[in-house]
Structures are given as structure tokens and as C-alpha cells.
Amino acid sequence: MPLLAFETSCDETSAAVIHHNRVLSNVVSSQVRLHAEYGGVVPELAAREHLRNLVPVARSALRQAGVSAESLEAVCATQGPGLPSALMVGLRAAQAMAFALSRPFVGIHHHEAHLYSPWIHGQPPVADFENFQPNVSLIVSGGHTMLVRVPADMKPRLLGSTLDDAAGECFDKVGKLMGLPYPAGPAIDRLAEGGDCAAFDFPRPLINSQDHDFSFSGLKTSVRYFLKDHPALMNERKQIQNLCASVQGAIVDVLVSKTIRAARSTGVRCVTASGGVACNRALRSKLATACQSGGLCLRLAEPGFCTDNAAMIGILAERRIEVCPAGSSLSGDILPNWPLGDYLIN
Ligand code: KG4
Ligand code: ZN
């Protein structure tokens with residue numbers, strides 16, 4: 001029987017219906033326009049918007065899948081990590097629905113679910129992750145930048161994460177300094193296409209460190225000083241393109257080089273990537289080149305599944321139900337700081 005999944009950990013309200021690793025529907029309502037005027041996600045507004053959108057999004061996911069609520073096997077939702085008030089909406093809705101239907105509820109770890117999104121592909125999308133473990137997975141978005149080792153049993157181990165800003169946050173903050181609308185990642189990606197990534201030299205923080213951590217706040221600060229020193233630069237389109245290409249080049253170099261090093265040092269043959277920044281074309285192509293020359297297989301999430309979505313939550317929930325048909329506790333609470341790999345608290 002199919003299951004219904006909710007994702008409301010940040011600024012995307014999403015519902016999906018999953019059956020036997022197949023995505024029957026995946027509806028995503030993005031709040032990007034709402035938060036654009038504030039230059040970032042405003043948690044209180046995000047929660048209110050989730051409240052407004054969740055029922056229509058869930059209805060449309062069920063309709064598109066051709067499934068009735070009564071025929072669901074379980075209802076699941078992101079339990080953490082994420083914005084507390086935003087998580088609360090999806091979690092409580094899923095628990096209430098599970099209670100009303102007398103079905104199990106399953107609480108899912110958001111980052112762990114990201115590890116499944118590179119395996120969702122095709123039309124209708126199907127997840128085929130079984131044959132490609134172990135791997136090293138780069139999860140890179142506006143809220144997170146992390147490297148995870150995914151062994152054959154799919155019990156992930158966090159290798160490293162950002163010590164300050166996430167890579168997407170760096171794109172967005174640099175864009176703000178340049179006067180680009182939020183979120184600036186896609187605009188920088190487009191502008192960089194016409195620029196020279198060697199035009200300006202920006203730092204590549206922690207690129208040679210032996211750990212698997214990242215740091216992007218210093219890069220943002222160096223762009224701030226660079227713009228202060230070159231006030232006329234923003235008047236010339238070519239220079240704007242060069243700046244975008246140079247900043248993007250610095251971010252991508254760090255992400256690619258640390259991902260490949262993590263794959264090498266943990267002895268895996270496969271690399272995956274997901275999260276909003278994994279839509280970035282330079283990152284996709286540089287990762288592909290680096291993996292090819294290093295003899296590593298690469299699996300990138302399709303752009304539509306890079307950003308937050310309920311399909312990845314449902315795919316993982318289906319596996320959980322196989323192991324524990326009773327699901328999680330209906331009285332379980334949100335876990336805004338849930339560490340990856342910690343199963344004891346669920
Ligand atoms: O996964 P996501 O939708 O939401 C979370 O942050 O959880 O990721 C959004 C982030 C934003 O920072 C946005 O600027 C960045 O992903 N992003 C990109 C691109 N598309 C989205 N960054 C660089 N290049 C892109 N093409
Ligand atoms: Zn995410």
C-alpha cells in the first residue's frame with residue numbers, strides 16, 4: 001500500500017505519495033517569493049505559509065497519485081533537523097492524519113533523506129539505490145553543507161560539515177552584496193556562464209585541510225572588501241559576470257576537492273550530491289570531470305529532486321516501515337537539532 005510523506009523543515013511545503021520505491025506524486029510549493037523581500041527565510045512566516053499550503057499540497061499529491069487517504073499504509077514527515085516552527089506543521093499534520101486513519105506514523109531525518117534523492121530518477125521516478133553503496137554524499141544547500149559516508153547498510157556517518165555559513169548561504173550573501181535578488185545562487189550560476197573564473201582571486205577556505213569540514217564566511221567577507229575596493233565594478237556587466245564566475249569558482253573548487261578527498265580517504269568508489277546548490281551547473285560539471293579522472297562513479301540528484309522534497313522523505317520512510325511496521329511514536333516531538341546517525345531518540 002502507498003504512503004504519504006510531508007516535508008516542511010524550511011521553506012518548501014511538499015507532499016509525496018510513494019509506493020514500492022516509486023514516486024507516484026511529488027508536489028512542492030516553494031515560498032521563495034515570500035522570503036525574497038527579507039533576503040532570507042523568516043521562520044514565523046515559513047510556518048504560517050506551511051499551515052496555509054499543507055492541506056492543498058497534500059490533496060493534490062493524493063489526487064495526482066490517484067490514491068485515497070483511506071488506502072494509505074502510513075503517514076510520514078520530516079521530524080528534524082530544521083526550523084522548529086516549520087517542522088511542527090508537517091510533523092503534527094502527519095501524526096494527526098495517522099491517528100485519524102489508524103495507520104503508523106514515521107518520523108524521518110531530513111539529511112538522511114537527502115542521501116536517497118540522487119537515486120530518484122526516470123518517469124515515473126523510481127529509487128534504485130541498492131547497487132551503489134558505499135558512497136560519499138555531498139549535501140549542499142542554503143542550510144547545510146556536509147559530507148556523509150553511506151555504507152552498504154545505509155547507516156550514514158557524518159564526515160564533516162560547515163563550521164559557519166553553508167555554501168548556498170555564501171552564494172546568497174554574496175548575491176546580496178552585489179544587489180542580486182534572494183536566493184542568489186541561480187542568478188550567480190547564470191551570470192557566471194559569461195564570466196572568467198580566473199578574473200579575480202578569492203580564497204578557497206579549508207581546501208587543503210585534512211578534515212572534511214567547510215568554512216565559507218571568510219569568502220563572503222573577502223567579497224565584501226573586494227567590492228569596497230572596486231566600487232565601479234558593479235557598473236559593468238562583464239565585470240559582474242567575472243565576479244560571479246570567480247566567486248562560484250572558489251566555492252565549487254572547495255566543494256569538489258573536499259568531496260573527492262573524502263571519497264579517497266574512506267575508500268569508496270561512488271560519489272553522490274544533492275541539495276539546492278547541487279543544481280549549480282559548474283559544480284555538476286566539475287564533479288563529473290573530477291570523478292571521471294579519479295575513476296569514481298557519480299550520481300547527481302536530478303535538479304527537481306536536489307531541493308527539499310517529500311519524495312525523498314517517503315522513500316526513506318518506506319524502508320523504515322519494512323524494518324519497523326509499527327512506525328514511530330505518535331507522541332514523538334520535532335527534533336530541530338537531530339544529529340545524523342542517531343537512531344536512539346526516534
Ligand atoms: O535545498 P534548498 O532549496 O533549500 C535549503 O536551503 O534547504 O537550497 C536553496 C539554496 C539557496 O541558497 C540557493 O541560492 C541555492 O540553493 N541554489 C543554488 C543554485 N540553485 C539553488 N546555488 C548555486 N547555483 C544554483 N544553480
Ligand atoms: Zn535540505
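Ligands are counted one by one from 1 in listed order, and the atoms in each one are counted from 1 as well. Quantities reported herein were computed from a predicted structural model and do not represent experimental measurements.
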Item checked: Full working for salt bridge (charged side-chain N to carboxylate O under 4.0 Å, His left out) between Asp128 and Arg299 -> CA-CA 11 Å; Asp128 66 347; Arg299 194 67 185 244; 3.3 Å; yes
Protein heavy atom at shortest distance from [atom]:
{"atom": "atom 6 (O) of ligand 1", "answer": "Gly142 N, 2.8 Å"}
{"atom": "atom 4 (O) of ligand 1", "answer": "Asp308 OD2, 4.0 Å"}
{"atom": "atom 3 (O) of ligand 1", "answer": "Thr307 CG2, 3.2 Å"}

Next item on the list: Report yes or no: do Ser209 and Lys258 form a side-chain donor-acceptor pair below 3.5 Å?
Entry: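 Note: Ser209 and Lys258 side chains meet the donor-acceptor criterion.
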Next item on the list: Report yes or no: do Asp164 and Ser215 form a side-chain donor-acceptor pair below 3.5 Å?
Entry: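 Yes.
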Run the side-chain donor-acceptor check on residues 58-68: report pairs under 3.5 Å with partners two or more places apart or on a different chain.
unit_1, atom_1, unit_2, atom_2, d
Ser68, OG, Ser71, N, 3.4
Ser68, OG, Ser71, OG, 3.4

Of all the atoms in ligand 1, which lie at a distance below 4.0 Å from a heavy atom belonging to [X]?
{"X": "Pro183", "result": "13 (C), 14 (O)"}
{"X": "Val277", "result": "15 (C), 16 (O), 18 (C), 22 (N)"}
{"X": "Gly168", "result": "12 (O)"}
{"X": "Gly143", "result": "6 (O)"}
{"X": "Asp189", "result": "24 (N), 25 (C), 26 (N)"}
{"X": "Ser141", "result": "1 (O), 5 (C), 6 (O), 7 (O), 8 (O)"}
{"X": "Asp172", "result": "11 (C), 12 (O), 13 (C), 14 (O)"}

Next item on the list: Could you establish whether Pro186 and ligand 1 come within less than 4.0 Å of each other, counting only heavy atoms on the residue side?
Entry: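 Pro186 counts as a contact of ligand 1 under the 4.0 Å cut-off.
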Notebook entry, point to check: Among the heavy atoms of Glu12, does any lie under 4.0 Å from an atom of ligand 1?
Noted result: yes
Notebook entry, point to check: N/O of Gly185 under 3.5 Å from N/O of ligand 1, yes or no?
Noted result: yes
Item checked: Nitrogen or oxygen atoms of Asn280 and ligand 1 under 3.5 Å apart ->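 There is such a contact, yes.
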Checklist line | Aromatic plane relationship, His114 with His110 - under 30° parallel, 30 to 60° tilted, over 60° perpendicular | finding: perpendicular
Next item on the list: Could you check whether the rings of Phe226 and Phe202 sit parallel, tilted or perpendicular, using 30° and 60° as the cut-offs?
Entry: perpendicular
According to a 4.5 Å side-chain heavy-atom criterion applied to Ile, Leu, Val, Met, Phe, Trp and Tyr, with indirect links allowed, do [X] and [Y] form part of one hydrophobic cluster?
{"X": "Leu330", "Y": "Ile321", "value": "no"}
{"X": "Val247", "Y": "Val277", "value": "yes"}
{"X": "Ile334", "Y": "Leu54", "value": "no"}

Checklist line | From Ala192, Gly276, Ser117 - option closest to atom 19 (C) of ligand 1 by heavy atom | finding: Gly276
Next item on the list: Please name all residues satisfying side chain to side chain donor-acceptor pair (under 3.5 Å) with Ser25, sequence neighbours left out, ordered by chain then number.
Entry: none
Check: Rounded to the nearest 0.5 Å, how far apart are CG of Asn26 and CE of Met312?
Finding: 9.5 Å
Item checked: salt bridge (Lys or Arg N to Asp or Glu O under 4.0 Å) contacts touching residues 78-101 (sequence neighbours left out) ->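 Output for this query lists Arg92-Asp333.
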Next item on the list: Decide yes or no on ring pair (Phe, Tyr, Trp, His ring centres under 6.0 Å) for Phe105 and Phe99, but give the supporting numbers first.
Entry: CA-CA 8 Å; Phe105 156 77; Phe99 173 75; over 10 Å; no
Notebook entry, point to check: For the Zn ion (ligand 2), how many protein N, O or S atoms lie at less than 2.8 Å?
Noted result: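 My tally for this metal is 4.
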